[in-house]
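Read the structure below first, then the notes.
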Number of protein chains: 2
Amino acid sequence: MPITPVKSTKLYHLIVEQLKQLIQSGEYRPGDKLPPERELAQRLRVSRAPVREALVALELLDVVEGRVGDGWFVKRAPDSSLDVSSVEGRPPSDILQARVLVECAIAEQVAAHHDDELVVGLHQAVEAFADELRRGQLNGEADRSFHLLLARASGNAVFADLVAYLWDLQNGQFFRLVEGMTGNERPRLERYVREHRAVYEAVETGDAGRARDAMRIHLEGVAKDLLDS
Amino acid sequence: MPITPVKSTKLYHLIVEQLKQLIQSGEYRPGDKLPPERELAQRLRVSRAPVREALVALELLDVVEGRVGDGWFVKRAPDSSLDVSSVEGRPPSDILQARVLVECAIAEQVAAHHDDELVVGLHQAVEAFADELRRGQLNGEADRSFHLLLARASGNAVFADLVAYLWDLQNGQFFRLVEGMTGNERPRLERYVREHRAVYEAVETGDAGRARDAMRIHLEGVAKDLLDS
DNA sequence: ATGACCTTATGGCCTTACCAATTTCACGCC
DNA sequence: GGCGTGAAATTGGTAAGGCCATAAGGTCAT
């Protein structure tokens, strides 16, 4: 089991949590005005800077809204948006099953539509992955790019959202595991490149069924890798 | 068309834009260390506070990562889809397509497994919906419960996450539309109850194919309702 | 040579204090 | 009663400084 720091060194994280809870508990409802920054700081026994950082973070999450010279207002309750940090600990098999469902459908759809421009971009993504591997970069950024680009090529923005979410969910969770297998991960990544290429080729020829199957094989391989370790 | 202010009153927005561009242009690549906060502030001709707010925002967007006592590091190129605010406004057809994909698979899986306890809960959810409708409650809470419960019954926690996310995405977006059709929404909701019941009955008898088809019919009906209005 | 330990420089994190810009609202004037 | 006006409230931004975590490099004993 990985050892996690007992205490977040960043104050604004704790403040975000408190404010989130304050809103979720119904203490402040959408439309309500929050106490002034200075009062919040005083009550939380911190200075204004981290309070403002927390409010900026919540503004980005669409939970609050700051009006100059007026105050901070609750916009909506911080509910079940796709916040990776709030759903840590999903079983890996569940994540992979979802990826198979979503990404196979995407591969099928992209192959069926067959847009030349997107095919070129996809080819570049596959080769960028191979390049990174040759140069010894093993951070998985190119791997992510391929899956994300394919999702965007589907033309469905929500599909792209889901793929990004599932990717982060999987890799956030297995970060340490992936780090731990630095010894023998090279052949695994080389296989991934081949499997990506297989998906690409099926998409390029417009063979929807083969694209779907290639993606399924790829993801089931990934599942096996993760579940074995 | 709403008229937007020509000038953001918030400095940290402008700083986020500049830093984003700096990273997108390749000036700083993933893994690189950014200049110290103090130097950034000096070069941008602002004080450190808004710089830190911008960095906090970028950290939330997963673009940079701050390491205490070390520095700020680029994590990955700012990806337009990672912008939380841009997640708003997904095309309704995209949302519905994703729901069809995910929820049909769920219905199929639940029917195939056929857990008695879950079937009972599902039956209660369907009837709770019918009850609410009879009593004139039209907030759609019971509707949501049915879909969410079915997702949980699949045994896959990630499926439940996805259904909750897609539901909120759809209903956040069409809040006003749904509110606007208070006049003739009753027959529509009564149809939903019948369709939910159809899904339930297929699940109860363990007929996976019919469960999937019933769910597909239901969601395609929902899609039609939303897209027509 | 190697590994544990200390020192120092760097840089993020937080506080305090202060000033400027904006919005709201009540008050007084016409 | 309507309408400027100015005070109060509140956010936005600046400046300076102390504290503490981290990294790098040197020292020393093993």
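In the text below, chain A, chain B and the rest are named by the order of the sequence lines, each starting its count at 1. Note that these values count all heavy atoms, side chains included, but never hydrogens, waters or copies made by symmetry.
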Would you sort out whether A/Arg48 and A/Glu37 count as a salt bridge (charged side-chain N to carboxylate O under 4.0 Å, His left out), showing the intermediate values? CA-CA 7 Å; A/Arg48 271 183 63 214; A/Glu37 291 177 0; 3.1 Å; yes
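In this entry the distance linking NZ of B/Lys10 with P of C/dT23 reads 12 Å, nearest Å. In this structure, the CG atom of A/Asp70 is 8 Å from the P atom of C/dC25, given to the nearest Å. The CH2-C1' distance, from A/Trp72 to D/dA9, rounds to 16 Å in whole Å. Rounded to an integer number of Å, the gap from NZ of B/Lys33 to P of C/dT10 is 11 Å. Distance CG (B/Leu14) to P (D/dG13): 9 Å, rounded to an integer number of Å.
Using cut-offs of 30° and 60° for the angle between ring planes, the A/Tyr192 and A/His218 rings count as perpendicular.
With hydrogens and angles disregarded, no donor-acceptor distance shorter than 3.5 Å links the side chain of A/Asp32 to the backbone of A/Val74.
Residue contacts shown for B/Gly66 are absent, as no nucleic acid heavy atom lies under 4.0 Å away.
Environment of CD in A/Glu220: crowded, with over 12 heavy atoms of neighbouring residues, nucleotides or ligands closer than 6.0 Å. More than 12 heavy atoms of other shown residues, nucleotides or ligands fall within 6.0 angstrom of atom CD in A/Glu39.
Listed in residue order, the members of residues 37-53 of chain B having a heavy atom less than 4.0 Å from DNA chain C are B/Glu37, B/Arg38, B/Arg48, B/Arg52.
Of the residues near DNA chain C, A/Gly69 and B/Leu34, the one whose nearest nucleotide (by heavy atom distance) lies more toward the 5' end is B/Leu34.
With sequence neighbours left out, the side chain to side chain contact (heavy atoms under 4.5 Å, CB included) criterion links A/Val100 to A/Cys104, A/Arg216, A/Leu219.
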